[in-house]
Number of protein chains: 2
Amino acid sequence: MVTIYDIAKKANVSAMTVSRVINNSGSISQKTKEKVEAIINELGYIPNSSARSLISKKTKILSLMITDISNPFFTSVARGAEDKAMQMGYQLMLCNSDENIEKESKYIDMLISTGTDGVLIAPANDSSKKNIRKLTKFNIPFVLIDRHIKDLDCDQVLSDNETTTRRLIEHLINQGHKKIAIINAPLDVATARERQQAYCDTLKLHGLEVNENLIHQSNFLQDNDVSEAIKKMMELPETERPTAIFATSNFIGIDAVKFLKENKKNVPEDVAVVCYDGVPNYTGSEPFITAAEQPSYNFGYLGMQMLIERIENTAPKMPRKIVLPAEIHVRKSSIQLLD
Amino acid sequence: MVTIYDIAKKANVSAMTVSRVINNSGSISQKTKEKVEAIINELGYIPNSSARSLISKKTKILSLMITDISNPFFTSVARGAEDKAMQMGYQLMLCNSDENIEKESKYIDMLISTGTDGVLIAPANDSSKKNIRKLTKFNIPFVLIDRHIKDLDCDQVLSDNETTTRRLIEHLINQGHKKIAIINAPLDVATARERQQAYCDTLKLHGLEVNENLIHQSNFLQDNDVSEAIKKMMELPETERPTAIFATSNFIGIDAVKFLKENKKNVPEDVAVVCYDGVPNYTGSEPFITAAEQPSYNFGYLGMQMLIERIENTAPKMPRKIVLPAEIHVRKSSIQLLD
DNA sequence: CTGTTAGCGCATTCAC
DNA sequence: GTGAATGCGCTAACAG
């Protein structure tokens, strides 16, 4: 391994001078600078980050804690986060918590040990607060994305759950639906709670009854049990049976449509489906599900930007909150065909 | 920051004893061990990785260099890589090269500086060899995935490009196609070359002519220029115009189908399409494109496994090569409807 | 403009 | 079974 001492010896200067050249700090004669730089190139010297970090307490490593990179929402978040990080000279550590508090906690410990400069985190659920507090204890800045956590004073990038949900539900109501079901994620996740609250509020606002039998919990992962929820609802008496389903996440929406079709239900004729979150259109065909598409890339990009500003002390003291609107794309899964 | 000295002082032992407890090394009386552990928990001590790395030259950080996490193939690779890394107690650094040699090179330098223990890399193209040699120079083990590079003696996880391409082309031939086009990625990428070679070989094997006008280059990124390639082919005289297209990657296939449909060409009636790489089925509907689906998760998972074995010296000296077969899913985009 | 000294937090080496 | 000294590669603080 080539060290500054190797460079120093070969250039007939002290290690300190080499260090100054590398960091462009202090003042150095043009001549020594060039001489040192030439030797650095010649020997292919690359500074040792561990040694630097030991002194500076900075690693130039940022971390992204998400629940699952396989979820297209987070894939795009990750890409946005990485782009901004790279642009600002940071590297990105990737962590998938799988909505699991213990796994998240283990990661947090590893991140603290490695000495990450900051964490962009979509917390697993409300209990993540404990994990996040640990970051605070170690003076590691963090920015919350997607999922709010109560009483945590920090920068955040959130979705406008209230408005977006209301617009999705009102779209269904406008289509004539009166029995609208919700298949949601666990209520210990802020987005799930907010979406459910907005769902109830919107129904009431329009004089519609909130029926407990039409409210179901699933999860955010790919192997959720949406089918169970739908089965139960299909066994309800005709008068209660839903004519529309509000899926609070992409995977839930996809699986709902799949399950309905497998069970010979026509979408949207028998049951309409709308969905929070879009999915990339990888098919040659038209997208099918009516969806509230989020600017996921910007969750990562803007979140990282705030995080870096926090780290580099260029941010205002006050915690900032960015609320990103979703775009509602009305598609076949919720439009009654006229005849 | 809590250090081993804080623990040592509080436990009335030397720092060395604390270090021994943490690393389970040397021999320590059960009593001291328990006392020290209690204080470690009490103070919430977490070892400083920088200090450790400075001595051990190990960081417990592995890196994944891919071209773009947004490509579903690599999303899944990343997930596989991360799962294996985490399972073995490593963290994962994510790098998107965007098929760009300079960006890749910059990342490699950053990784060397940080001191990654190993790199799982899908090289941007043949010129990546120079970047990879740099890893060798710094004694950083690496494993190649997806894209072979000539004269690089190392573990690799590759796709069976020859067999898979042949089966895709033969499927088209069996459907009666004689004028089969290929829209490929740049030929400085091994997979592109191998797929093109197999495409030509298979045509010849079946007594079909290889027409240069039906061979086009695009790229692996999402904003490729597939439309240009197709436009040109549509302007060919009727006798040359292709009745089928072999897209050598998922994005190329998707865009080909999109462009054809936008231009009032029926798929598969006017032009059939087959594609190397699958895409996740996020629609409620049936998948449409005939595709050779790769076990992408395993590219990451098995690649990481080999990398870790290399790092931990549990691998045989000989470089290993894993060739993963793809599964061909025949779908509507290439099946002539009988009437 | 340049060099010397000291120390970041930890583990290796050698004593006891 | 335990401790003291030393150094990993680098840079802050000071000296010249």
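A note on names: the letters A, B, ... follow the listed sequences, proteins ahead of strands, and every chain is numbered from 1.
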Could you give the [atom1]-to-[atom2] distance, from [X] to [N], as a whole number of Å?
X: R20(B); N: dA15(C); atom1: CZ; atom2: C1'; value: 11 Å
X: I22(A); N: dT2(C); atom1: CD1; atom2: P; value: 15 Å
X: N23(A); N: dC10(D); atom1: CG; atom2: P; value: 10 Å
X: K58(A); N: dG9(C); atom1: NZ; atom2: C1'; value: 17 Å
X: E34(B); N: dG1(D); atom1: CD; atom2: C1'; value: 16 Å
X: N24(A); N: dT11(D); atom1: CG; atom2: P; value: 12 Å

Net bend of the helix from dC1(C)-dG16(D) to dC16(C)-dG1(D), end axes of five pairs each, nearest 10 degrees: 40°
Side-chain contact, heavy-atom cut-off 4.5 Å: [X] with [Y]?
X: F74(B); Y: D146(B); result: yes
X: L120(A); Y: M65(A); result: no
X: M16(A); Y: I4(A); result: no

Sorted by position of nearest nucleotide on DNA chain D, 5' first, the leading residue of S29(B) and M1(A) is S29(B)
Does the pair [X]/[Y] count as a salt bridge with the N-to-O cut at 4.0 Å?
X: E37(B); Y: R20(B); result: no
X: K129(A); Y: E104(A); result: no
X: D109(B); Y: K134(B); result: yes
X: R79(A); Y: D68(B); result: yes
X: R310(B); Y: D155(B); result: yes

N/O (side chain, [X]) to phosphate O (OP1/OP2, [N]) under 4.0 Å:
X: T32(B); N: dT2(D); value: yes
X: K57(B); N: dG9(D); value: yes
X: S19(A); N: dC10(D); value: no

Kindly state which residues belonging to residues 3-18 of chain A come within less than 4.0 angstrom of DNA chain D, counting heavy atoms of the residue only, listed by number. T3(A), I4(A), Y5(A), M16(A)
Does anything in residues 46-55 of chain A pair up under side chain to side chain donor-acceptor pair (under 3.5 Å), and if so which pairs, sequence neighbours excluded? N23(A)-R52(A), S49(A)-S113(B)
Assuming nearest nucleotide by heavy-atom distance, tell me which of K33(A) and I55(B) is located more 5' along DNA chain C. K33(A)
In residues 35-54 of chain A, which residues come under 4.0 Å of DNA chain C by heavy atom? L54(A)
For Y45(B), check ring-ring contact (aromatic ring centres under 6.0 Å, His included) against everything at least two apart and list the hits. none
Name all residues meeting the side chain to side chain contact (heavy atoms under 4.5 Å, CB included) criterion together with P72(A); count only those two or more places apart in sequence or in a different chain, and write none if there are none. N250(A), F251(A), V279(A), P280(A), Y282(B)
